[in-house]
**Q** 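Starting off with a structure, shown below.
These numbers come from the heavy atoms of this one structure, side chains and all, not from hydrogens, waters or symmetry mates.
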There are 2 protein chains.
Amino acid sequence: MSRNRVTIHDVAAKAGVAISSVSRVLSGHLDVSEKMRARVEAAVAELGYEPDHLAQSLRKGATNTIGFMIRDITNPLFSIVAQSAEHELRKAGYSTILINSHGELEAETENFSLFKRRRIDGVIASLVSEEAPYVRKTIRDLGAPVVLLDREVIGLDASAVICDHQSGVRDATADLIKNGFKKIAFLSGRKDVYITRNRIKGYEEALANAKIKIDDDFIRLGKFGEVFAYEETLKLFSRKKQPNALIAGGIGAAGGALKALRELGIRPGKEIGFVAVDEWPMFDVLTSDLSSVYRDPEEMGRASARLMLDLIAGHAPSQELVPTHYRPRASSKLS
Amino acid sequence: MSRNRVTIHDVAAKAGVAISSVSRVLSGHLDVSEKMRARVEAAVAELGYEPDHLAQSLRKGATNTIGFMIRDITNPLFSIVAQSAEHELRKAGYSTILINSHGELEAETENFSLFKRRRIDGVIASLVSEEAPYVRKTIRDLGAPVVLLDREVIGLDASAVICDHQSGVRDATADLIKNGFKKIAFLSGRKDVYITRNRIKGYEEALANAKIKIDDDFIRLGKFGEVFAYEETLKLFSRKKQPNALIAGGIGAAGGALKALRELGIRPGKEIGFVAVDEWPMFDVLTSDLSSVYRDPEEMGRASARLMLDLIAGHAPSQELVPTHYRPRASSKLS
DNA sequence: CTAGAATAAGGAATCGTTTCCAGTAATTAG
DNA sequence: CTAATTACTGGAAACGATTCCTTATTCTAG
């Protein structure tokens, strides 16, 4: 089965030349005669030789492989980011190893160690924790370029793709206020990460602009994912002090919130105002006119790939900012 | 940066032993003395040594890497399959390289060649074409075990995970008939692949059972994906002879169909009967009570991983059948 | 026509492991 | 007490490429 592997030795033997000459021809080196090139290429063609990537990597010290680690591949936004990054990296000759961290710190650590053992050329990651010493140590130990998704990288030796959630959420909040909502609840994931902090900034900015007092009871932070949002939404709407609008930060959160609302018989755009932060595939088809804060996941993927290739080329770490756009639809006002 | 790489030589030097002994200790070989084991392990711990996976692979001839190739990672069903397979394979010590073929034959070919150069230990793939000679040649050239998703493997040297679409679609069709629909349109992707043929079997079986004549005008096959389904649905409902129910095969098809229906002002469960084949994340939340034919993507992933590990262990190719379940909800009868 | 440069090709070291083969030391049997 | 195993350990040859270093040849110039 794999016995039919043809190596550079076979090519050299067939062409009657040294293996170093075969290598030189294949790497497009200058100092080879026309005759040599022709003979070698004939032998290569005849034997169907393909260089062994493994041996090349070992010798060259580069694997042409990038690790891509995210919390959850099945999150449609992330899967688009991953696909787009993979596409872009492949054009530059890199393969991508995709790994889930399931949002767990230990899985993440194990993944980094795996990447290191595999001599990955770089890692694009959406980290679980943003705690600076941990991140710094992780990056140092890896010994390869790192691009972080949606994380601040101040004082870190890494590049980052960061999204301007703030302005999107600010505009969304302002629109809700404009439409008469004053008791706006805000739902998002872990509070110690950039994405959450940045969204809250936008939320608070809009409230401040409208001179509405911030009510901490309406800000529900905890975990990313459907379950947390579902439970928190149930709580929010089963107390005395109820909000009359809801901003759900993230795809999971929006799903969980919508599920809870459905069970409660509360309809977005009818009984409350509602904005989803992030969209999912067929957003316009599957949902009934939800207002949203949009960001382009393909651009995020491309940006992360660009940053990675820059780092590999030896450039200094840098950042790319991806904008967000508030898209008002039916759910952000009552009808 | 990567200058701090510590090799087995360093460990051997620090422990004052031969590198072969270090290797023996680390591989858990029997013939090492306690003293030797202790010294080596101390040195390993002190230096933080991790074996280079690349060198190991080159020497051992196995990369512990599986290639996973699908048409489209952003299809939520596939992304769950991929995640589940990755999870299962990782438990067995394998990493997964995930690659898109975008449904294009040339991309697929290129991917196989990439996998081969990387000496992948096996490939799990959802192939673009099912044309036997092509598939056979591809598998032979790869020289590594192959598991196909949703493909018949008769006469091929490969294992397969196949889904029993037929019975799910049959039940769905029968339910529509029972609810009074006789003009049931059926939408699916390429007609030369198992998944489409198998679904049609179920559709035709139910019609035959009910003694309803099959009307080829109502069977619309062509491409997977949203666009095709969207266009075909528009056509279906803008002719004289209109169906009064629709089965959409696949996530993309369901999305495209729903989009078209929305534009036409035709509501599933109101003006027509509707069944989606395959579900997507938050299916119950995002859609308004659509009937569906369900299959468990996690099980598909696990099954593909199991089959792959079996093949690697030297077992003969085999198949696993994943069942489908018709889940009637509001959209398959009028109200 | 010969010295020196330029060109082309071969040989060998190297990347970091594993594993086979010897050889030495320790153990047991006779 | 010596011979025959057995238990460890070190050395070296792979794995399949790249690349540096030589050396042989050809070319140009003086």
**Q** All N/O contacts under 3.5 Å from nucleotides 23-29 of chain C to the protein, with atom names and distances to one decimal?
**A**
none

**Q** Using the side-chain contact (heavy atoms from CB on, under 4.5 Å) criterion, which residues pair with H87(B)? Sequence neighbours excluded.
**A** H102(A), K91(B)

**Q** Starting at CZ of R5(B) and ending at P of dC15(C), how long is that distance when rounded to a whole Å?
**A** 13 Å

**Q** Which salt bridge (Lys or Arg N to Asp or Glu O under 4.0 Å) pairs, counting each pair once, include a residue from residues 120-131 of chain A, with sequence neighbours left out?
**A** E130(A)-R151(A), E130(A)-R197(A)

**Q** How close or far is atom P of dG16(D) from atom CD of Q56(A), stated in whole angstroms?
**A** 13 Å

**Q** Strictly by ring pair (Phe, Tyr, Trp, His ring centres under 6.0 Å), give each pair with a member in residues 40-69 of chain B just once, sequence neighbours left out.
**A**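 Those involving residues 40-69 of chain B do not exist here.
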
**Q** Roughly, in whole Å, what's the span from CG in L58(B) to C1' in dT18(D)?
**A** 13 Å

**Q** Please give, in whole Å, the distance from dA17(D) P to R59(A) CZ?
**A** 13 Å

**Q** Mind jotting down which residue pairs meet the ring pair (Phe, Tyr, Trp, His ring centres under 6.0 Å) criterion with at least one end in residues 112-143 of chain B? Sequence neighbours excluded, please.
**A**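 Sorted pair list comes back empty.
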
**Q** Think T7(B) has a side-chain N or O under 4.0 angstrom from the OP1 or OP2 of dG16(C)?
**A** no

**Q** Using whole Å, what does the distance between atom P of nucleotide dG16(C) and atom CG of L47(B) come to?
**A**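 Taking atom P of dG16(C) as the reference, CG of L47(B) is at 15 Å.
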
**Q** In this structure, how many angstroms lie between the P atom of dG16(D) and the CZ atom of R118(B), rounded?
**A** 18 Å

**Q** Go ahead and write out DNA chain C as dot-bracket, 5' to 3': ( ) for pairs within the strand, [ ] for ones crossing earlier pairs, | when the partner sits on another strand, dots for unpaired; Watson-Crick or G-U wobble, both distances under 3.5 Å.
**A** |||.||||||||||||||||||||||.|||

**Q** Under 4.0 Å, counting only non-hydrogen atoms across every strand here, what does R119(A) touch: a base, just sugar-phosphate, or nothing?
**A**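 Sugar-phosphate only.
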
**Q** Sort and list the pairs that fulfil side-chain hydrogen bond (donor to acceptor under 3.5 Å, both in side chains) and have at least one residue in residues 70-80 of chain B, not counting sequence neighbours.
**A** D72(B)-T74(B)

**Q** Rounded to the nearest Å, what distance is computed from the NZ atom of residue K116(A) to the C1' atom of nucleotide dG16(C)?
**A** 15 Å

**Q** What pairs of residues pass the side-chain hydrogen bond (donor to acceptor under 3.5 Å, both in side chains) test when at least one of them lies in residues 311-322 of chain B, not counting sequence neighbours?
**A**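 Sorted pair list: R306(B)-E320(B).
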
**Q** Can you list every salt bridge (Lys or Arg N to Asp or Glu O under 4.0 Å) pair that touches residues 49-66 of chain A, not counting sequence neighbours?
**A**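 The answer is D52(A)-R119(B).
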
**Q** For H9(B) and dT17(C), give me the distance from atom NE2 to atom C1', rounded to whole Å.
**A**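 H9(B) atom NE2 is separated from dT17(C) atom C1' by 9 Å.
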
**Q** Could you go step by step and tell me if R90(B) and N64(B) meet the side chain to side chain donor-acceptor pair (under 3.5 Å) rule?
**A** CA-CA 9 Å; R90(B) 174 214 288 261; N64(B) 277 49; over 6 Å; no

**Q** Can you check each nucleotide of nucleotides 4-11 of chain D against protein heavy atoms at under 4.0 Å and return B for base, S for sugar-phosphate only, - for none, in 5' to 3' order?
**A** ----SBBB

**Q** Are R190(B) and S129(B) linked by a side-chain donor-acceptor pair shorter than 3.5 Å?
**A**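 Their side chains do not contain a donor-acceptor pair, so the 3.5 Å distance test is not met.
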
**Q** Please enumerate all residues that pass side-chain hydrogen bond (donor to acceptor under 3.5 Å, both in side chains) together with R37(A), with sequence neighbours excluded.
**A**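 Counting only residues at least two positions away or on another chain, R37(A) forms no side-chain hydrogen bond (donor to acceptor under 3.5 Å, both in side chains).
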
**Q** So if I take every side-chain heavy atom of K60(B) and compare against dT17(C), dT18(C), dT14(C), which nucleotide ends up nearest?
**A**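 It is dT18(C).
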
**Q** Does any pair with a residue in residues 7-17 of chain A pass salt bridge (Lys or Arg N to Asp or Glu O under 4.0 Å), and if so which ones, sequence neighbours excluded?
**A** K14(A)-E46(A)

